[in-house]
Amino acid sequence: MRCYLVRHAQTAWNRENRIQGGSDLPLNLMGERQAERLAGLFASFHLRGIFTSHLQRSRQTAAAIASGNGHGVSPLIEIDLAEMHLGSWEGLTPAEVDAQYTGAYQQWRTQPSSVRIPGAEPLEVFRARARRALDKVVERAKEGDHVVVSHGGV
């Protein structure tokens, strides 16, 4: 069994360097082009499965890969593959977070377990959820090539 881990293609907030977390944004035009290129990359693979989070940006990326593959594989949604919910940071840039929360973003990048983000999913809960999701994928994907479309945090 071989799994290819793919981060979703670009959204408007990616382009603006805004923190998305659990916010459900679609791909922008560049993201649609990136997804099409991914479809071309995987077109020659005999994929046995495609797994994706439920968030639009991942679903759209997975759908492009599936439509370009030609083996009749439909993406399976695995909700636990979703990005970490980042509470009050969502929609902000890292610089805005650091300004509003006194350097918290930089601290989070180096010592994430030392930061509590207001309204966010606790890091330990996110890690357990992501691990559980990947375990489910491995359990379902016994053999062959599979694609997992998810998020940077996962």
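Computed from a prediction, not measured in an experiment: that's the story for all the values here.
Classification of Arg18 and Glu90 as a salt-bridged pair fails, no side-chain N sitting under 4.0 Å from a carboxylate O. Ion pairing between Arg116 and Glu124 holds under the 4.0 Å rule for side-chain N and carboxylate O.
Residues Val97 and Ile19 meet the side-chain proximity criterion, which asks for heavy atoms closer than 4.5 Å. Put simply, the side chain of His151 reaches to within 4.5 Å of the side chain of Ser53, judged on heavy atoms. Using a 4.5 Å cut-off on side-chain heavy atoms (C-beta onward), Asn14 and Arg7 make contact.
Listed by first and then second residue, the salt bridge (Lys or Arg N to Asp or Glu O under 4.0 Å) pairs that reach into residues 34-58 are Arg48-Glu143, sequence neighbours excluded.
Although no hydrogens or angles enter the test, the distance criterion places no donor-acceptor pair under 3.5 Å between the side chain of Ser58 and the main chain of Thr52. Formation of a donor-acceptor pair under 3.5 Å by the Gln60 side chain with backbone atoms of Leu27 is found in this model. Using a distance-only test at 3.5 Å, with no hydrogens or angles considered, a donor-acceptor pair links the side chain of Glu83 to the main chain of Gly153. Side chain of Asn69 to main chain of His46: no donor-acceptor pair is present (N/O by atom type, distance under 3.5 Å, no hydrogens or angles).
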Any chance you could lay out the side-chain contact (heavy atoms from CB on, under 4.5 Å) test for Phe51 and Val149, step after step, and finish with the verdict?
CA-CA 6 Å; Phe51 301 88; Val149 182; over 6 Å; no

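Counting heavy atoms of neighbouring residues, nucleotides and ligands inside a 6.0 Å radius, atom CZ of Arg132 exceeds 12 of them. Counting heavy-atom neighbours within 6.0 Å of Arg15 CZ, excluding the residue itself, gives a total of 12 or less.
One hydrophobic cluster holds both Leu81 and Leu123 under the rule that ILVMFWY side chains link at heavy-atom gaps under 4.5 Å.
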